[in-house]
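Here is the structure we will look at.
Naming: A, B, ... by sequence-line order, numbering from 1 per chain. Please read all numbers here as calculations on a predicted model, not as lab measurements.
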Amino acid sequence: MFKTLYVRDAFQCEEGLEVELIGWIRSKRRHGKLIFLDLRDSTGIIQVAVKHGVADNESFMKALDIGLESSVKVKGRLKKDPRAPGGLELHCNHLEIVGPSLEDFPIKKGVGLKFLLDNRHLHLRSPRVAIIMKIRATLMDIARRWLRENGFVEVNCPTFITAAVEGGATLFKVDYFGKPAYLTQSVQFYQEAAIYSLEKVYSLQPSFRAELSRTRRHLTEFWHLEVEMAYADLYDIMKVIEELVYAIVNGLNKESEREIRTLGRELRPEMAEPPYPRIRYSEALQILQSKGVNINWGDDFGADEERILSKEFSKPFFVTHYPKEAKAFYHMPDPSNPSVCLNADLLAPGGYGEIVGGGQRIHDYNLLTERIRENNLNPEEYRWYLDLRKYGSVPHSGFGLGIERMLWWLLHLPHIRSACLFPRTPARVYP
RNA sequence: GCCGCCGUAGCUCAGUCUGGUAGAGCAGCGGGCUGUUAACCCGUUGGUCGGUGGUUCAAAUCCACCCGGCGGCGCCA
């Protein structure tokens with residue numbers, strides 16, 4: 001049963017070679033005494049021609065009746081034929097059913113979006129989903145490699161937490177042996193603890209947001225790449241962000257070129273080559289006002305504003321120095337202008353919006369306490385977080401990058417859902 | 001949470017404005033076909049029109065409420 005030959009390998013074989021392939025029947029076309037089967041496996045699709053007289057009679061009868069998505073083992077000779085997709089087909093002389101389809105496969109031509117999502121467990125057999133998942137795996141692998149090569153240590157942080165990372169964001173509440181607990185929406189605070197041991201850390205794990213955000217760029221559960229770095233200021237961390245993003249784009253272009261091309265996309269690494277344009281919030285405001293947008297100092301940028309701004313750039317770009325009221329309490333105020341903070345959001349060009357959010361954190365105990373109070377939060381609930389500033393506190397910075405957002409942008413996916421095997425949105429927690 | 005759209009056969013939809021006993025394509029099932037490309041040809045089964053209530057001689061159609069979904073906003077990655 002051990003599988004040694006994959007569909008992709010078959011296309012490299014010499015014509016006339018007798019081979020055995022195992023896979024699933026993606027489609028079937030019957031022409032009386034000739035049956036075409038499209039055999040799919042994890043590497044590709046090959047057409048199998050089952051001809052009466054070439055295949056043994058029992059195999060032919062099985063092929064006649066076989067249901068779509070049945071698993072089969074087929075033996076036969078490889079034959080070049082310009083009429084076959086890919087120019088090669090298998091002339092079957094024997095067919096065995098490994099696992100039949102007990103009912104009609106529900107996913108047929110013409111099914112709609114809702115039906116596909118309700119049947120995601122079956123839909124993910126489609127080659128397009130498989131390709132996106134391969135690219136996703138490669139993206140994560142490239143990011144891990146780059147971080148490791150640059151001295152970052154991967155840490156794994158808890159999913160159950162007791163308090164919010166940011167005051168306003170919505171947390172999923174869970175019952176923790178009768179006590180309230182929440183699902184993490186960011187591991188930032190835990191990483192801030194870890195830098196006092198490991199200095200440069202990162203994690204790659206899910207974050208949860210209980211926001212009723214019905215847009216094509218939101219999930220309730222998403223994979224979050226977060227980085228935290230001791231002795232790093234805003235400019236140090238922006239350098240890390242742009243080099244990491246470039247490493248991902250450049251790496252995917254090399255390692256996933258075939259998959260990306262199959263999706264009809266092309267990555268041009270020079271479009272993500274550092275340095276990225278850096279504009280301050282105040283400059284962004286001027287750009288928007290010059291375009292006739294009615295926006296005043298202190299207002300946060302909405303989706304419309306981000307879209308307008310992103311049209312001004314062909315590369316990802318940073319927006320920095322937001323008014324402190326627009327950002328969470330832990331952001332470091334700019335010493336030369338304390339009304340703004342040392343934060344950096346990375347926005348993708350083309351209206352794809354925020355991919356990375358981060359900046360420098362407050363490392364002074366008294367200042368952090370003050371900012372917590374100013375945000376009407378209770379310092380007692382942030383006791384361990386404040387504790388970090390009591391013992392050898394150092395300047396530090398970090399950021400979070402959304403894996404699915406990155407894929408959405410780079411692959412121009414219609415919806416961020418397409419970047420997940422089983423997407424979780426406000427309306428969907430099944431299958 | 002706010003705004004808009006949608007819900008009719010297994011699937012994709014028409015029919016709703018202008019009320020009058022439910023339609024198409026695909027899938028399925030039966031038959032045919034040795035070069036298809038999610039094949040094609042002939043025949044055929046299949047419906048609690050999202051739910052509840054109301055108006056009416058009569059409701060898929062008009063009204064109210066509810067449920068579910070999609071998209072956008074806010075929020076964010």
Side-chain angles (χ1 to χ4, degrees), chain A residues 25-38 40 45-55 60 64-65 67-69 79 81-87 89 91 103-119 126-127 165-170 185-188 204-227 241 299-307 326-328 345-348 352-358 399-409 414-417 419 425-428 430:
Chain A
I25 304 297
R26 181 157 176 78
S27 73
K28 178 170 84 166
R29 294 172 294 282
R30 291 171 43 173
H31 297 258
K33 292 185 171 144
L34 167 65
I35 303 162
F36 292 110
L37 303 173
D38 289 345
R40 169 187 67 79
I45 295 176
I46 188 168
Q47 175 165 288
V48 177
V50 187
K51 287 187 185 182
H52 189 73
V54 175
F60 185 83
L64 210 55
D65 278 342
L68 297 190
E69 288 298 324
K79 195 151 186 197
D81 193 315
R83 294 169 297 187
E89 65 183 15
H91 283 219
E103 295 172 18
D104 284 340
F105 195 67
I107 296 174
K108 305 182 172 83
K109 69 172 174 183
V111 295
L113 176 69
K114 181 185 188 304
F115 190 82
L116 289 176
L117 289 167
D118 286 340
N119 291 279
S126 89
V165 169
E166 300 174 38
T170 317
Q185 54 167 11
S186 167
V187 299
Q188 178 195 325
L204 188 45
Q205 58 186 88
S207 282
F208 305 87
R209 303 276 165 96
E211 295 279 354
L212 286 168
S213 304
R214 307 175 189 283
T215 79
R216 65 188 67 188
R217 61 182 187 284
H218 283 92
L219 295 163
T220 52
E221 175 176 359
F222 68 96
W223 277 68
H224 209 174
L225 175 63
E226 291 180 88
V227 172
I241 293 169
D299 296 341
D300 202 354
F301 301 140
D304 288 343
E305 287 78 24
E306 284 188 1
R307 256 190 293 278
K327 288 286 165 186
D345 286 353
L346 186 73
L347 305 189
Y352 283 86
E354 193 174 341
I355 302 295
V356 177
F399 65 89
L401 179 155
I403 296 293
E404 292 87 358
R405 285 254 175 110
M406 190 92 181
L407 282 162
W408 177 61
W409 162 46
H415 195 293
I416 196 168
R417 278 190 296 244
T425 59
R428 195 168 288 284
Y430 174 93

Look through every strand shown and name the nucleotide pairing with B:rC2 as Watson-Crick or G-U wobble, where both distances are under 3.5 Å.
B:rG72
Counting only Watson-Crick pairs (N1-N3 plus N6-O4 or O6-N4) and G-U wobbles (N1-O2, O6-N3), all under 3.5 Å, who is the partner of B:rU52?
B:rA64
Within the 4.0 Å heavy-atom criterion, would you say A:Q47 contacts the bases, only the backbone, or no part of the nucleic acid?
base
If we only count heavy atoms from C-beta on, is the A:H218 to A:R405 side-chain gap below 4.5 Å?
yes
With a 4.0 Å cutoff (strictly under), does any side-chain N or O of A:R29 reach OP1 or OP2 of B:rA39?
yes
Minimum-distance pair of heavy atoms, taken over all atoms of A:K51 and A:L34
CG-CD1, 3.4 Å
Just wondering, do A:Q185 and A:T170 contact through their side chains at under 4.5 Å, heavy atoms?
no
Smallest heavy-atom separation, A:P426 atom then A:L212 atom, equals CB-CD2, 3.8 Å
Pair assignment for B:rG28, Watson-Crick or G-U wobble, requiring both distances under 3.5 Å
B:rU44
What is the nucleic acid contact for A:R307, judged by heavy atoms within less than 4.0 Å: base, sugar-phosphate only, or nothing?
sugar-phosphate
Just checking A:A49: base, sugar-phosphate only, or nothing, at a heavy-atom cut-off of under 4.0 Å?
nothing
For A:S27 and A:R29, which I'm curious about, is there any donor-acceptor pair between the side chains at under 3.5 Å?
yes
Check ion pair A:R83-A:D81 (N to O, under 4.0 angstrom)
yes
According to salt bridge (Lys or Arg N to Asp or Glu O under 4.0 Å), does anything in residues 109-119 of chain A pair up with another residue at least two apart or in another chain? List the pairs.
A:K114-A:D118, A:D118-A:R428
Base, sugar-phosphate, or nothing: which does A:I35 touch, judged by heavy atoms less than 4.0 Å apart?
nothing
Let me know the distance between CG of A:L113 and C1' of B:rG68, rounded to the nearest Å.
15 Å
Does A:R217 make a side-chain N or O approach to OP1 or OP2 of B:rC73 shorter than 4.0 Å?
yes
Counting only side-chain heavy atoms from C-beta out, which of B:rG74, B:rC76, B:rG71 sits nearest to A:R417?
B:rG71
Quick one, give me the B/S/- string for nucleotides 25-33 of chain B, reading 5' to 3', where B means a protein heavy atom under 4.0 Å from the base and S means that only happens at the primed atoms, P, OP1 or OP2.
-SSS----B
Give the rounded distance in Å between these two atoms: CG of A:L212 and P of B:rG74.
15 Å
Measure the distance from CG on A:L401 to P on B:rC76 and round it to the nearest whole Å.
17 Å
Paired to B:rU34 by Watson-Crick or G-U wobble criteria (both distances under 3.5 Å) is none
Regarding the side chain of A:R214, the nearest nucleotide among B:rG35, B:rA77, B:rG71 is B:rG71
Of the candidates B:rC75, B:rU36, B:rC73, the side chain of A:S213 sits closest to B:rC75
I need the NE2-C1' distance between A:H415 and B:rG71, as an integer number of Å.
8 Å
Ranking B:rC70, B:rC73, B:rG35 by distance to the side chain of A:D81, first place goes to B:rG35
Using a 4.0 Å heavy-atom cut-off, does A:E103 contact any base of the nucleic acid, only the sugar-phosphate backbone, or nothing at all?
nothing
